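The block underneath contains the structure these notes are about, expressed in structure tokens.
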2 protein chains.
Amino acid sequence: MSDPGLACCTPLTGTAMSAEQAERVAPLLKALADPVRLRLVSLIASSATGEACVCDLNDAFDLTQATISHHLKVLHSAGLLDREKRGVWVYYAVRREALTAVANLFEMPALA
Amino acid sequence: MSDPGLACCTPLTGTAMSAEQAERVAPLLKALADPVRLRLVSLIASSATGEACVCDLNDAFDLTQATISHHLKVLHSAGLLDREKRGVWVYYAVRREALTAVANLFEMPALA
DNA sequence: CGTGGCCATCGACGCCCGTCGATGTCTGAC
DNA sequence: GTCAGACATCGACGGGCGTCGATGGCCACG
């Protein structure tokens, strides 16, 4: 590498992530890249029934109900949460498929 | 708020993520929650030597050198990349520990 | 009916983020 | 010493994000 004018380093061989895949996965990570949303997913995932209603999630934070609703909408729009209205209450559940899709990101063979 | 005697849903039992842990992990996800930075990490991780210099990373994107440098700084500041200057060139390498820390997030027993 | 509670939406406010052109800093070569 | 190239930094711009108070829609129960 002391030869000027030639390649300064390796040509980045191997299978790297495509631009399209990056554009597809980044929104999922962006939706999870917030402490409140991370705790929301964790709370819902760790509940006994696998779901939780907004009223309980609200009590777990020192935030306005509007803010919690906004975060839940972000997670739902990203495909990370399922939303089901039962009577007056709304229940959110974690979509395992979406989480495992993100988990597969960090099992890249290039890291093994 | 919710009436103490009226339970609308499960009490969210189980071990959920603590607020401190969420505040600690969220910055890592935020650093990865960008298509360009995701591809940068992927490119570096999939390189033959496990590292890559900025000049090659620059050519992989239709972005300014300043922008790539900014993204690399974000990843480095988050602890996801190691930085080493050799001569005129700067080489970045992925920190496995940081990536596995993120990977552990998606192996929560509550999801099993 | 009307009323009260649950949740979503709206509008607004700071603030941070991604990107750029321009400039600065260092290094090796001549 | 001078010059060219590789990266980093700076300042600025537009846009998006997190949060709030206020309001609206919806459902159950008198």
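All of these numbers come straight from a predicted model, not from anything done at the bench.
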For atom [atom1] of [X] and atom [atom2] of [N], their distance in whole Å:
X: A:Asp59; N: C:dC7; atom1: CG; atom2: P; answer: 10 Å
X: B:Gln65; N: C:dG21; atom1: CD; atom2: P; answer: 12 Å
X: B:Lys85; N: C:dT25; atom1: NZ; atom2: P; answer: 13 Å
X: B:Leu63; N: D:dC7; atom1: CG; atom2: P; answer: 16 Å
X: A:Asp56; N: C:dG5; atom1: CG; atom2: C1'; answer: 15 Å
X: A:Glu84; N: D:dC27; atom1: CD; atom2: C1'; answer: 16 Å
X: B:Trp89; N: D:dA4; atom1: CH2; atom2: C1'; answer: 13 Å
X: A:Leu29; N: C:dG18; atom1: CG; atom2: P; answer: 13 Å

Inset, instruction - Compare side-chain N and O positions of A:Arg83 against OP1 and OP2 of C:dA8 and report whether any pair is under 4.0 Å apart. - result: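 Result: yes.
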Legend entry - Phosphate OP1/OP2 of C:dA8 contacted by A:Tyr92 side-chain N/O (<4.0 Å):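 Checking A:Tyr92 against C:dA8: at least one side-chain N or O falls below 4.0 Å of OP1 or OP2.
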Determine the contact category for [X]: base if any of its heavy atoms lies under 4.0 Å from a base atom, sugar-phosphate if only primed atoms, P, OP1 or OP2 are that close, otherwise nothing.
X: A:Asp34; result: sugar-phosphate
X: B:Phe61; result: nothing
X: B:Arg37; result: sugar-phosphate

Legend entry - B:Arg24 side chain near B:Met17 side chain, heavy-atom distance below 4.5 Å: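 When only atoms from C-beta onward are counted, B:Met17 and B:Arg24 do not touch, as no gap falls below 4.5 Å.
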Legend entry - Any A:Asp56 side-chain heavy atom under 4.5 Å of A:Trp89 side chain: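 No; the side chains remain at least 4.5 Å from each other.
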Legend entry - A:Phe106 and B:Phe106 aromatic ring geometry - parallel, tilted or perpendicular at 30°/60° bounds: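 The rings of B:Phe106 and A:Phe106 lie parallel, inter-plane angle below 30°.
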Any donor-acceptor pair under 3.5 Å linking the side chain of [X] with the backbone of [Y]?
X: A:Ser46; Y: A:Ser42; result: yes
X: A:Thr100; Y: A:Ala103; result: no
X: B:Ser77; Y: B:Lys73; result: yes

Inset, instruction - Indicate yes or no: does B:Glu51 engage B:Arg83 in a salt bridge with an N to O separation below 4.0 Å. - result: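 B:Arg83 and B:Glu51: not salt-bridged.
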Legend entry - Shortest non-hydrogen contact between A:Lys85 and A:Gly87, atoms and distance: CE-O, 3.6 Å
Inset, instruction - Give the angle between the helix axes at the two ends of the helix from C:dC7-D:dG24 to C:dC30-D:dG1, taking five base pairs at each end and rounding to 10°. - result: 30°
Legend entry - Selection: residues 66-77 of chain A, any non-hydrogen atom under 4.0 Å of DNA chain D: A:Ala66, A:Thr67, A:His70, A:His71
Legend entry - Of A:Gly87 and B:Val90, the one whose closest DNA chain D nucleotide lies more 5':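 In this pair, the answer is B:Val90.
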Inset, instruction - Could you say whether B:Ala33 or B:Val88 is positioned toward the 5' end of DNA chain C, judged by the nucleotide with the nearest heavy atom to each? - result: B:Ala33
Inset, instruction - Kindly check if the number of other-residue, nucleotide or ligand heavy atoms within 6.0 Å of CG (B:Asp59) is above 12? - result: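 Result for CG/B:Asp59: enclosed.
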Inset, instruction - Ignoring hydrogens and angles, state whether a donor on the side chain of B:His71 or B:Arg37 is under 3.5 Å from an acceptor on the partner side chain. - result: yes
Inset, instruction - Go through D:dC7, C:dA8, D:dC20 for me and flag the one nearest to the A:Thr64 side chain. - result: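 The answer is D:dC20.
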